[in-house]
Amino acid sequence: MENLIKSVLLQNAETFFGAQIEEKNIQFQVTRKEFEGDLTLVAFPFAKLWKLSPQDAAQKLGELLIQHVVEIEKFNVIQGFLNIVLKENYWKNQLTEIASNETFGWEQPNSKGTLLVEYSSPNTNKPLHLGHLRNNFLGFSVAEILKANGHKVVKTQIINDRGIHICKSMLAWERFSPLNDKGERETPQNTGLKGDKLVGKYYVEFDKHFNAEAKEILNQWETGVVEGFKPETIEQFKKFANAREGKDEKAVEDINAKIKELAKNETSLLRDVKEMLVKWEARDPQTYLLWNTMNGWVYDGFATTYKMMGVDFDKLYYESETYLLGKDIVDEGLNKNVFYRKQDGSVWVDLTGDGLDEKLVLRSDGTAVYMTQDLGTALDRKKDFEDMEGMVYTVGNEQDYHFKVLFLILKKLGYAWADKCFHLSYGMVDLPSGKMKSREGTVVDADDLMDEVITSAKEMTSERGHLEGMSNDEKENLFRQIGMGGLKYYLLKVDPKKRMMFNPEESIELNGNTGPFLQYAHARIQSLLVKAGEVGEFQDALLGAEEKEIIKLLSQYPSVIKEAGDHYSPAVIANYLFELVKAFNHFYQAVPVLIEKNPDVKNLRLVLCKSVADIVKRSLLLLGIESPNKM
RNA sequence: GGCUCCGUAGCUCAAUUGUAUAGAGCACUGGAUUUCGGCUCCAGCGGUUGGGGGUUAGAAUCCCUCCGGGGUCACCA
C-alpha cells in the first residue's frame, strides 16, 4: 500500500506539484492509536513545497490521493499529519493473502547472494560460557534471518585449537593428573567428566601451579636468594624493588605487579610450555598425539553443548590449519604497495590516512600475527565458496577495531566483497554481581545454565501445564523447549550491539516479554484450531477493531523480516512478536471465536488465529526457538 | 591520554534513516471469568531521555561541551 501511494505521488508529481519530488520526502508511519487511520503520511515536506500551512498541505494531499487510490475509504488531517483509512475489503483481502501463503513475508530461498556467517569460534582449552551462548544464539538466528531474506547461507566457525593456551592444558594434564589403579591419567572415560570440562580443569590447574611457582621465586628474591637466576633479571628486580621506596600504596602495587611479571617469566612452567609449543609447531609426534587426543575430548564435549543449544555448522575451519595462511597475502600487499617493509624485516600497513594507526601484518621473524591469519582465512573462504558475496563475523565488540582494520585492508587490496563484510558486534553479558571474570570464578557455564533453565521450566510447567497423556520423553522434550525458548528469547530480545544484564531470575520467567509467553499463545491457538475443525469462507464477515488491528500487524511482517535482515538483528523480530501476541491476547480476551454464531465471522476469526500462530511459530524458528502444540 | 561505544521510569529494555502527548515488561496498587487453555486481560502508579548549549517548523535521535561508565590502543588471540 505504501508503495502504491508512493508511486501514485511520484507518477503524478508534475500535475500535483508542478515539479518532481524526491522519494525520500514521502514519509509514512504507523498511525498512532489515539487517532483514526491505518496509515499516516507526513505532510511537512509538502507544505514547504507548496508554501502552504502543514494542515492545508495534508488536506490537499488527502483529496488527491482519495481520487487516485481506490482502496482509500477516507482520511483526516491533524497538525500536518494525513491519516488515511483504508477500506474494509482491503484488509480482508490482506488476510486472505497472508493465510494462503505459507512463507508470507519471506523471500524465495536462494534468490540472493551467498553469505558466510561465522559464529561461536571457541578456544579448545575451556568450556563454553554465557558469553558464548549469546554469540551462538545470535549467529544462528542471524543466519536463519538472512535465509528468510532470500540469501544462501553457509554457517561456519573457526576453532581456535592451537597456541600457548592449549599447551597449558596439555602440560598440566601430563604433569598433574593423578594416576588410577591401572596407571592411567584422567580421561573423560575413566572420570565420567565431559571432555571440555576435563581439559578446562587442567587449564585452571596450570594457572594454579604457575602462580605458585612465581610466588615462590618472588619470595626467594625478596629474601635475598638469587642463585640460579640470570644476573640481568636480578638487576631488574632490584631496580623495581628500590623504586618502591617512599611511593604511595597505589604506585607500589603497580611496581609489584611488574615484579610479579618478571618472576612469572622465570618459572620453569612457562619455559616448558613454550618449549611444548615449539615442539607442536615442529610437528613432534608425541606432542601432536597428545594435542589431538585432548582436542578430541573437547570436541566431544562441545558437540553435546551445541546439540543442547540447537545450533549447527555447515563448514568448520581449524586455526591449526589456517594459522600459516596469510603469508601469500603479505607478498600480494607488498606488490600492490598496500604494505611496506621496515628495516627489521617486519611488514606493516599504514592506515593513518583513514584515521587509524599503522598495523603490523608480519613479525620481523617472518611469523604471522592474528591479522595476517584473518586475512588469509578470509581469502581461503572465498576460494572455498566462489559465489560468496560477503561475510558476517559474530564476535564481541572488544574486537571492533580489529574488524575495522581487517575490512579496510581487504578493501585496499581490491576485494569487492570486502564491502559486504559485516562485524556482528555484540556487547558483553553482565551479571547482577558485575562482570564475568574467569580468574574470579564468576563465569556462568553454558551447560550448567541450560540445565538450570530446563529444570525450572520443569518445576513451573509441572504445576500449571497441560501434560496429561504425555510420555516421559515427550515431557522432557517439552521442558527443554520451554527452558531453552526462554533463555534464547531472553538473550536475543535485546539489541545485539548493546551490553546487557543477565538476571538469572528474569531469564526463567514465563510472563511478560518472554519466550514462554509467546509459546503459550501459540499452544493456545493450536488447541483452539483442533477443536474448530474445518474452516470455511468469510466473505460477508464484518471486521471488528480487534481483528483489524491484528491484520494490520500481520501485514507489517514482511517489512519486519527485511529490517531484521538489514540490521542483522533478531531483536527486531522478538519485539514485533511480542507486540503481535499482546494484540492477539487482547483480541482473544475480548472476542469469542468458537462460540460465535455468525459462521462468516467465526471463520474469519479462525483464519486470523491460524495466521497468528503460523507467524509466531515461523518467527520463533528464526530465533532458534521451538513452538510446542501443548504446554 | 588518543580513538570508540554507551547513559531513556525503582529494575530490564523499546523508540536512534529527526516528526503528534517518549512506549513495553517486571515490581507495586486495584479490578475482570454463566466464554473457546488465567502461563490471560483491563486500569492505576512511575520520566527535566546524565547536565548545559546549538541546528530545525519539529530533537531521546544531528552538532558542540561537560559529567559518568565500558571497550581498545601487543611483534596476544
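From a predicted model like this one, the values you see are computed outputs, not experimental measurements.
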Heavy-atom nearest nucleotide on RNA chain B for A:Val581 versus A:Asp365: which residue maps closer to 5'?
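Per heavy-atom nearest nucleotide, the more 5' residue is A:Val581.
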
Take A:Thr461 and A:Thr31, find for each the nucleotide of RNA chain B with the closest heavy atom, and name the residue whose nucleotide sits nearer the 5' end.
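Whichever sits nearer the 5' end wins; that is A:Thr31.
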
Using a cut-off of strictly less than 4.0 Å between a heavy atom of the residue and any atom of RNA chain B, enumerate the qualifying residues of residues 570-580 of chain A by number.
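RNA chain B contact set from residues 570-580 of chain A: A:Phe578.
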
Below 4.0 angstrom, which residues in residues 492-501 of chain A have at least one non-hydrogen atom near RNA chain B?
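A:Val494, A:Asp495, A:Lys498, A:Arg499, A:Met500, A:Met501 - these, ordered by number, are the residues of the stretch whose heavy atoms sit under 4.0 Å from the strand.
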
Looking at every strand, decide which applies to [X] at a 4.0 Å heavy-atom threshold: base, sugar-phosphate, or nothing.
X: A:Asn585; value: sugar-phosphate
X: A:Gln79; value: nothing
X: A:Tyr370; value: base
X: A:Asn83; value: base
X: A:Thr40; value: base
X: A:Val530; value: nothing
X: A:Asp400; value: nothing
X: A:His466; value: base
X: A:Ala590; value: nothing
X: A:Glu509; value: nothing
X: A:Asn629; value: base
X: A:Glu596; value: nothing

Rounding to the closest angstrom, what is the interatomic distance between [N] and [M] at atom [atom1]?
N: B:C63; M: B:G70; atom1: C1'; answer: 24 Å
N: B:U19; M: B:C28; atom1: C1'; answer: 34 Å
N: B:G53; M: B:G71; atom1: C1'; answer: 29 Å

For [X], side-chain contact (heavy atoms from CB on, under 4.5 Å) partners two or more places apart:
X: A:Lys497; answer: A:Asp495
X: A:Pro592; answer: A:Ile595, A:Glu596, A:Arg605
X: A:Arg271; answer: A:Ser268

In terms of ring plane angle, is the pair [X] and [Y] parallel, tilted or perpendicular, where the classes change at 30° and 60°?
X: A:Phe422; Y: A:Tyr568; answer: parallel
X: A:Tyr557; Y: A:Tyr576; answer: tilted
X: A:Tyr393; Y: A:Phe403; answer: tilted

Do A:Tyr401 and A:Leu356 have side chains that get closer than 4.5 Å, going by heavy atoms?
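They are in contact (side-chain heavy atoms under 4.5 Å apart), so the answer is yes.
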
Salt-bridge contact A:Asp354-A:Lys404 (side-chain N to carboxylate O under 4.0 Å):
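Between A:Lys404 and A:Asp354 there is no salt bridge, as every charged N stays at least 4.0 Å from the carboxylate O atoms.
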
Pair A:Phe584, A:Phe587 - check ring pair (Phe, Tyr, Trp, His ring centres under 6.0 Å), show working.
CA-CA 5 Å; A:Phe584 175 78; A:Phe587 154 86; 5.7 Å; yes

Under a 3.5 Å cut-off on both pairing distances, which runs of 3 or more consecutive Watson-Crick or G-U pairs involve RNA chain B?
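In RNA chain B, stems of three or more pairs: B:1-7 with B:67-73, B:10-13 with B:23-26, B:28-32 with B:40-44, B:50-54 with B:62-66.
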
Side-chain donor/acceptor of A:Glu506 to base of B:U12, under 3.5 Å
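Flag unset: no donor-acceptor pair detected.
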
Under the side-chain contact (heavy atoms from CB on, under 4.5 Å) criterion, do A:Phe46 and A:Leu82 qualify, and how do the steps go?
CA-CA 11 Å; A:Phe46 301 97; A:Leu82 173 66; over 6 Å; no

Please walk me through it: do A:Tyr370 and A:Gln399 pass side-chain contact (heavy atoms from CB on, under 4.5 Å)?
CA-CA 12 Å; A:Tyr370 181 42; A:Gln399 294 199 38; 2.7 Å; yes

Go through A:Thr461 and A:Gln481 one step at a time and tell me if the side-chain contact (heavy atoms from CB on, under 4.5 Å) criterion holds.
CA-CA 11 Å; A:Thr461 308; A:Gln481 289 175 324; over 6 Å; no

